[in-house]
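We count residues from 1, following the sequence as given. Atoms within each ligand, like the ligands themselves, are counted from 1 in listed order. Because only heavy atoms are used, hydrogens play no part in the values below, and waters and symmetry mates are left out as well, while side chains stay in.
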Amino acid sequence: MPIFVETGPMFSGKSGAVVEVVKRRLIGGQIAGKDFVVFSHQSDNRYGEGIIASHNHERVVAIPRTTSLGIMSFLLNLPENMPDLHPGLIKPELKNVRSLIVDEGQFFDGKLGRVLTAIDTLWRLMGKNLEITVAGLNLDFRGEPFPTMADVLSRAEKVNVHVAVCHVCGENNATMTQRLVDGQPAKWSDPVKVVGADELYTARCKQHHEVFGKPILTG
Ligand code: ADP
Ligand code: MG
């Protein structure tokens, strides 16, 4: 039914929110057999393949996928030529799934929002509610939107925008992810996708966010 999004810069508590959702789902599973599935992106190997970890060192085992369709094919028996989908394609052992969680949504290709909407529709046609939670960065290190998350955010029923503590002024107002290369702000022309943690990234407020060569009017 609903798509929830946990977004904000690095260190803002997105994965922590995912860990909380998973903890609640584990309790739900023990009480009423309600199933859930958690996906991560294969390229996020910071903590080992298929491991989602918060910076508070809590860990969740997830299914690593490289594409949005990979999420779909985990849940459905996809036919070769992809005709219109119908609930009969849902793998029988996964019909009890009530919650689907995706971390690092920004790493997925642009089909993620459409794939999640289709999965949501199939569950509704089956007469069952699916709760979808996506965690991901809204902005890259330059402060530009990640297109996949821009699309997912537009489809969401509820969005939590988290903030972190700015590593320069100490205020709890950091909305930006600061990339540092040898302690210096990265360049505007640097590649957007570079996986890393504290050695490469910190959180900063807009006032202290720095990108070498960033134009005021972008694009
Ligand atoms: P995200 O997935 O958004 O990167 P996490 O949930 O993994 O965030 O990490 C959030 C945790 O990181 C906080 O609860 C806090 O313990 C720790 N932390 C480290 N640096 C910061 C910071 N600058 N601002 C806020 N929390 C931080
Ligand atoms: Mg995270």
Side-chain angles (χ1 to χ4, degrees), residues 3-26 36-66 68 71 99-109 112 116 132-150 152-153 156 158-181 183-186 192-211:
I3 297 181
F4 297 145
V5 176
E6 307 285 348
T7 195
M10 280 183 68
F11 303 101
S12 65
K14 302 181 301 298
S15 295
V18 163
V19 171
E20 276 312 307
V21 170
V22 170
K23 279 189 197 161
R24 301 295 167 105
R25 294 297 160 256
L26 280 169
F36 63 94
V37 280
V38 189
F39 296 96
S40 62
H41 195 274
Q42 193 130 18
S43 66
D44 181 17
N45 51 10
R46 289 174 294 174
Y47 314 97
E49 187 166 294
I51 302 291
I52 296 173
S54 74
H55 294 109
N56 292 335
H57 311 297
E58 289 190 295
R59 275 156 199 258
V60 165
V61 176
I63 301 150
R65 297 277 107 164
T66 49
S68 307
I71 292 178
S99 176
L100 187 163
I101 298 145
V102 183
D103 198 12
E104 304 295 352
Q106 77 282 349
F107 286 156
F108 283 87
D109 52 87
L112 184 63
L116 295 178
I132 298 174
T133 305
V134 182
L137 295 164
N138 46 359
L139 302 173
D140 62 28
F141 81 97
R142 305 168 307 165
E144 293 296 301
F146 272 108
T148 294
M149 286 304 291
V152 170
L153 282 159
K158 187 168 171 238
V159 176
N160 281 335
V161 184
H162 298 262
V163 290
V165 174
C166 173
H167 276 241
V168 176
C169 65
E171 293 290 329
N172 189 38
N173 63 355
T175 54
M176 313 301 281
T177 299
Q178 175 71 49
R179 187 191 289 168
L180 296 168
V181 179
Q184 294 302 311
V192 165
K193 193 172 156 182
V194 179
V195 177
D198 348 12
E199 76 288 357
L200 202 56
Y201 294 103
T202 60
R204 291 196 185 176
C205 69
K206 270 192 176 166
Q207 184 68 26
H208 294 118
H209 181 242
E210 292 174 286
V211 184

Taking atom CZ of R25 and atom CZ of F36, what is their separation to the nearest 0.5 Å? 9.0 Å

Please list, in number order, the atoms of ligand 1 under 4.0 Å from a heavy atom of H167. 23 (N)

Which residue is it: M176, H209, Q106? I am looking for the one with a side chain to side chain contact (heavy atoms under 4.5 Å, CB included) to L139. M176

What atoms of ligand 1 come closer than 4.0 angstrom to any heavy atom of H55? 4 (O), 5 (P), 7 (O), 8 (O), 9 (O), 11 (C), 12 (O)

Should you measure from each heavy atom of G13, which atoms of ligand 1 turn up under 4.0 Å away? 1 (P), 3 (O), 5 (P), 6 (O), 8 (O), 10 (C)

Which pair of non-hydrogen atoms, one from A135 and one from D103, has the smallest distance, and what is that distance? CB-OD1, 3.2 Å

Please identify which atoms of ligand 1 are closer than 4.0 Å to at least one heavy atom of G16. 6 (O)

Is the Mg ion (ligand 2) under 2.8 Å from any N, O or S atom of M10? no

of all protein heavy atoms, closest to atom 16 (O) of ligand 1 is N56 OD1, 2.4 Å

Look only at interatomic distance and state if M10 has a nitrogen or oxygen under 3.5 Å from any nitrogen or oxygen of ligand 1. no

Is the F108 ring parallel, tilted or perpendicular to the H41 ring (thresholds 30°, 60°)? perpendicular

Criterion side chain to side chain contact (heavy atoms under 4.5 Å, CB included) against K193, the qualifying member of F141, F146, F107: F107

Atom 23 (N) of ligand 1: which protein heavy atom is closest, and how many Å away? V165 O, 2.9 Å

Counting N and O atoms only, with roles assigned by atom type, does the side chain of K14 sit under 3.5 Å from a partner on the main chain of V5, one being a donor and the other an acceptor? no

Report the nearest protein non-hydrogen atom to atom 20 (N) of ligand 1: residue, atom name, distance rounded to 0.1 Å. F11 CD2, 3.8 Å

Proximal atoms of ligand 1 relative to A164 (non-hydrogen, under 4.0 Å): 24 (N), 25 (C)

Shortest non-hydrogen pair, A164 vs A203, comes out as CB-CB, 3.5 Å

May I ask you to list the atoms of ligand 1 that are less than 4.0 angstrom from any heavy atom of S54? 6 (O), 7 (O)

Quick test: of every protein heavy atom, which one is nearest to atom 2 (O) of ligand 1, and how far off is it to 0.1 Å? S15 N, 2.8 Å

Hey, is the main chain of E58 close enough, under 3.5 Å, to the side chain of N56 for a donor-acceptor pair? no

What's the separation between atom CE in M149 and atom CG in L112, rounded to the nearest 0.5 Å? 8.0 Å

Just to be sure I read this right, does ligand 1 sit under 4.0 Å from the backbone of P9, its side chain, both, or neither, counting only heavy atoms? backbone

Test of proximity, A203 against ligand 1: N or O pairs below 3.5 Å: no

Out of E20, E58, K14, who is nearest to atom 3 (O) of ligand 1 when you count heavy atoms only? K14

For S12, take its heavy atoms, then give the atoms of ligand 1 lying under 4.0 Å from any of them. 1 (P), 3 (O), 8 (O)

Looking only at side chains, do D109 and S68 share a donor and an acceptor under 3.5 Å apart? yes

